[in-house]
Each structure stands twice: as structure tokens, then as C-alpha cells.
Asks: 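Sharing a structure below in C-alpha cells format, with a few things to ask.
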Amino acid sequence: MKKTSAIIFSLIFLFTSIHAYQKEIVSVIPKPVKMEISNGVFKFSNQTKIWINEPSDELQKLGDLIASSVNQSTGLKLFATAKMTRNIPRSLVLLQLKKDFQSKEAYTLDINQNKITISAGSGAGIFYAVQSLLQLMPVNPDKYNFSVPCLLIEDSPRFQWRGIHLDVCRHFFPVEFIKKYIDVLATYKMNTFHWHLTEDQGWRIEIKKYPKLTEIGAWRKEADGKKYGGFYTQDQVRDIVQYAKDRYINVVPEIEMPGHSLAALASYPELSCTGGPFEVGNLWGVIEDVYCAGNDKVFDFLQDVLTEVLNLFPSEYIHIGGDEVPKDRWKVCPKCQARIKSEGLKDEAELQSYFIQRIEKYLNLKDRKIIGWDEILEGGLAPNAAVMSWRGVEGGIAAAKANHNVVMSPGTHCYFDHYQGLNGEPKAIGGYTNLEKVYSYEPVPDALTGNEAKYIMGAQANVWTEYIETTNHVEYMLLPRMLALSEVVWSPKESRDYNDFSKRIEKHYDILSKKNYNFRVPAPIEESGEFLLTGKKSIELKKPIKNSIVRYTLDGSEPIEKSKAYIKPFKISKASLLKAKTFLKNDRTSVTASLTISIIDTTTNGLNYNYYEGDWTGLPNFESLTPTKSGKIYKISLKEIKPREDHFGISLYGFIKIEKDGEYTFYLNSDDGSKLYLNNSILIDNDGLHGSKEASAKTILKAGKYPIKILYFEGNGDQSLKLEYESLGISMRIIPANLFFNK
Ligand code: ACM
Ligand code: ZN
């Protein structure tokens, strides 16, 4: 090879390798406002100095943070110091506070081959620049090859309230975990931790003046008789608040009132309308017993509690709950009724408003503001209150139009207790809010004018823990959905692009894995269901992550490292249970998703259906109604019928073939109501307006064909219908379509 061509060759090589490097490594989340990538890299070495441009404890800590992060991943020992010499070191990381930033969270990060310059108007901005820098570093570096790409980032957040909530009442999580939770919030530039500390099922914060709140209120007796609970001491709370502050996160405590307060009432029953006695709740839901709004002692108690809370939390906003307050007790309580009279209130809704306003007055006197769930709009909003919109966006719109601050947290996009996939997921409260749906969320509703939109402070995801018992599971529900939300609340609206995000997120699966977080790995099949074959047909699976392998089995066994890898669509010619799973390079895997593959005869198989439209609160008598359309479906799936969004009903009827004698358990899951009839009598009643809810029943059956009928209706919100069964030798599964007959 001649010399010139060797040079050209190596230039091409260099160019392509930089190109590849840029493609793979520059994956900052949330996406910066502006990022310009240039050629070359900054290499960390023993010679690298970290300088801060003025002596300050805060800057020193931020410089130390870079030094310790580099040290942890490479072993390189770097030190942050105030500017030491006139001569600029050959390899320098400079942290500087400057006056010319408009937002206190804005920063620039300028990386060239000899120098990284981090500039911001405050410590928060510097901290966010450091988070971006850490994300640019290789996940598995070595001491001799530890570099970040040359680039310029200019960045600032779109919203001031970038929140994540955690319910520590339904299930309790230890201090160490709360810190780990805060760490991952900080990595993705979230700045608000909403700590849900009191509930029907547990009071979790020490209050010195009322020791019974934690002696009694922090502990519940589970259905199996076991004692469950725990609480945070004031010292622990102070420690967590400081820990969060060091990571530029404000902790907003939530002290629920007037509802969701059974744990407090169990401790001090005199604060209720009836006087009790009560036990700390051990069932989820909404409970009738709430604080008595007619008793001044209740307000003395809450003010005392809040006084201690204010001493622990410097937060401008204090969350006072306000959601789901049944008015049953107030309606028949002489004290509450006397209050309605003496205050000239119209009804119990106004009594709730009176309650919240009285608390607001107290907190405003102490220079704090209240924020509450959108029910605090009922009966009139307290004059200075902010609203957290959770039952959709209407509450947020109404509050913003009335010039009140708003945090958007609608159940449709921001409830991280919902399912992330529909196949093989651990049990969740219901709903279906996958990564893409979270990413698609727009916090400013179209209904607001430009001026009203200014009241939208930001958005927040809520992690309610009725069905989340372990820290591992909390992480699973939070991650990676929080990464999508971080982009919703930080990045410019116009720059959001789910495809691009999907590419950038791959590196974060490695980052999260390295940091020992549990997270959901996308599964090869996201929808639950059944695949019908009428001849030889190909099965196509999704490879959800570029850097992954999908493995599958067809014999009902769990896919393992040695199972067949999916390369391309494959043909299948007999009924099977397909199980598939995504394997990442970092040892993480998805849940096992399964697909029932059935072979059907299109003349005899299938169930007849009638589809009706109407608005009901329970199953109507379909036989007295005229269907809008009728037909035949082969699998029990609403999609097959293409119903409208809300207000419809379906009856399905035909026969089911039972292949073997035995005891069968049927599971009927629906949102809203449903019923299952087998052999002309009712087997499962799952009727009523409700979210995704399962009901089951056992029955002994001989092999043979039985008449079957399924009734279903949808009021509003989500829609779903699923029928599964299990028996000896048949693991729980969707009943295969080849067992349904229309005649
Ligand atoms: C709520 O989810 N009850 C605010
Ligand atoms: Zn009362």
C-alpha cells in the first residue's frame, strides 16, 4: 500500500469511528435544548484538573461530584480545587458561576479536546451540566480510554415543576431506598419529590406532639393477621430532605385531609364525626370516615401537625391531599351540620372548601402555599391554592383559567401504577400507560390561552403502591417511564421525537443496570392475545431493542439463555403456546410474554356477537335491545368487534369445548362490567362500573361441548375484556379459539 492511500484509509477509519462513536454515545436524556457535536474527544487522565472559578462550598461539592464519579468508574484520582495557577492546565474541567443566565436551572456544557467548561447561574445549573456530562461518559470505561465527545450543549428546562411522587403508606420503603429513588430522579433532572406520607393504611411521619400517630397509626393488621408498617423519624426526614436538596430536589410532603385519614383517626378517634373506634385500614379504596369538619379540635390538631411538618420541610408548597372525600359522615354529623349553618355554607361540598381554606389560611400565615388534588375545586377553590390535576385535565384547565397554579398529573399518562404492557406484566392496579404514551404527553392543554398556559407549572408522575410491595417493583414501575416524562417536562415541545428517544434510551438501559436499578425491559409481544392459524402462517415477533436478543419456546416452557433466538418470521403449523422474552447484553431480561397459537376452522369455530350502543351503569338486559350490529368473532377481543370508545355493550354466545374431565377455574377480567354464563347458568358476575377487574370461579366439568355466553359493557374510560382458564395440566391461559364454536 502506498503511503498516501494509507493516510486516506486511516482518515476514513478515523472518520467512521468518530461517526459511530457519536451515534452510540451521545444520548443525553432529557434531550438538551441545543446540542452541537463536533469532532474529537476530551480524554480524562491523571493529568486532568478540575477547577472551580470561585471558592464556595457548593461549587466544591459539584467539582467533587465529577471527581468521585470519574473515580468510581475508572479508578482515576482527580481533585477539584479553586483555580490554582496562572497557567491553564493541558487537561481541564472548569466549573464557573456566571451572571448571564436567565433561568437558575440553565447551563452550558462546552467540551473541546483540552477543556470542558461548565457554566451556569447557580448550583442547580452546574448540577444539571454535570448530569449531562456523566451521561456522555462510557458506561464501561477503562482508565486508559475514558473520553467524552466534543460538543456544545446549551440547556434549560421547559417547566419549573418536574415531579415524581411516591406513596410510602400503602407499602413502606426504607430510608436507604428513598435516597436511591432521589438519586435516579436527579440523574434525569427531575426537581420535585412528592412524598405521600399519610393515608388510611398508614401514617408514616413522626409527629412529636401526637406520638400515637406512629405508635398506632403506622401499623396495620393485614388480612392474614400479620402486623405491617413503619415510619420515618424526624431525624430521618431531615436527613432525606437534605439529601434531596444536595441533588437540587425539593421534597413536597403530603399530609392528607380531610379524607384518606383513617390511620390518624385510629390513633385519635375523637377527630372523627362518630368517635370511632377505628383500625388502621388494611383494604384499598375510599373510606367513609374522615376528619370531622365541625370540630375545632381537628383544626388545632392539623395545625400542630403542620407546624412540625413546616419545621422539617422548607418547601414553598405543602400538599394537603383533598382527594376522594366521601360526605356520608358529614351529612349526619351534628357538628358538621352546625358548621354548615354557622358559616352560611350551601352543602357538604362547600364544607370541604371551608376545611381546605381554613388550612390554607394557616399555611399562608406561615409563608407557605397549599397544593391539593383537583377535588379541592369542589365548593370553591381556596384563594391561593395550586391544583394537582389527576382525574384527567379538566381540573387543571379550570384552575389555570381561574389564574391558579397547576401541576398536571392525569391518570391517562402520569399514573405509573398502571400497566406498562399487556402481556406477562406483574399485577398492577389497572390501566395501560406504556413508555410511548408517557412520552406523548403534553402538559399544556389546547384549551388554554397563552396567558393561561403560564399557570401550568409542570407535570408529575405518581407511584401509588397498593400493588407494589417491594423496592425492586417500585423501580420497575418508575423506570424507564420516568425517562420519558423527564423529556416531557424538560425538553422543548418541538424537539420531542419518540423514535429518536427510543434510540437514545438504549444506553440508559446500561446506565441503569450499572447503577443497580431494576427497570422494565420492553417485551417482544406487548399486547396479550392469541394468534389464529387457518393454514401455515408466519409468526413475526418484535425486537424491541437493537442491542438485544429475543428468545422463544413453543412448548410452554420459560425461554432461557439457551432457547432459540428469533432471527426472522417463522412458520408454524400446529397449535402451540409461544413464549418469548427479550435478553439484553447486560443480563437484564423482559417479562415472559406469551401467545396462544390456535388453528381454527372458519366454518365451525367462532362465537356470535351482538353489539349495542347505550349508556349504562351496569349490564342492561341485552335481549330487550336492538343490536347496532352482529357477526362472528374467532377470539374474545374487543378489537375484533371495533367498538366505539365509550358507552356500548356486547353479548357473545356459542359453545365451548372442554377436552378433558376436571375442575376448571375461569377468570373473567373486564373494564367495565361483565358476566360469564356456562351451561345456561351464571358462573361469574363481574358487573358494575369499574376499572380493569378480575373475578374468578371454579367448576367441575366433564369433557364435552357446553353453551357459553359472555356479556360486557363499557361506560367510559378504558375498555378491556379477557377470558382465561386453568385446570390440571393446563396452566392459566387465554382459552384457545379452536375451542369455541358458533353452533
Ligand atoms: C389520587 O390518585 N387519589 C389522587
Ligand atoms: Zn363531623
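When a ligand or atom number is given, it counts from 1 through the structure's own listing order. Because only heavy atoms are used, hydrogens play no part in the values below, and waters and symmetry mates are left out as well, while side chains stay in.
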Asks: Looking at Y243, is R247 sitting on its ring face, NZ or CZ under 6.0 Å from the six-membered ring centre and within 45 degrees of the normal?
Replies: yes
Asks: Assign the ring pair W373 / W464 to parallel, tilted or perpendicular, where the plane angle (0 to 90°) is split at 30° and 60°.
Replies: tilted
Asks: Give me the atom names and distance for the closest heavy-atom approach of A244 to V251.
Replies: CB-CG2, 3.5 Å
Asks: Any ion pair linking D304 and K297 (charged N to carboxylate O, less than 4.0 Å)?
Replies: no
Asks: Quick one: which ligand 1 atoms are inside 4.0 Å of a heavy atom on E324?
Replies: 3 (N)
Asks: Should the ring pair F355 and F299 be called parallel, tilted or perpendicular, given that the plane angle runs from 0 to 90° and is split at 30 and 60?
Replies: tilted
Asks: Under 4.0 Å from a heavy atom of D323: which atoms of ligand 1 are those, numbered in the order shown and with their elements?
Replies: 1 (C), 3 (N), 4 (C)
Asks: W390 versus ligand 1: do any nitrogen or oxygen atoms come within less than 3.5 Å of each other?
Replies: no
Asks: Which atoms of ligand 1 sit under 4.0 Å from any heavy atom of W464?
Replies: 1 (C), 2 (O), 4 (C)
Asks: Any idea which protein heavy atom is nearest atom 2 (O) of ligand 1, and the distance to it?
Replies: Y415 OH, 2.7 Å
Asks: Please note down the angle at the Zn ion (ligand 2) between SG of C292 and SG of C336, to the nearest 10°.
Replies: 110°
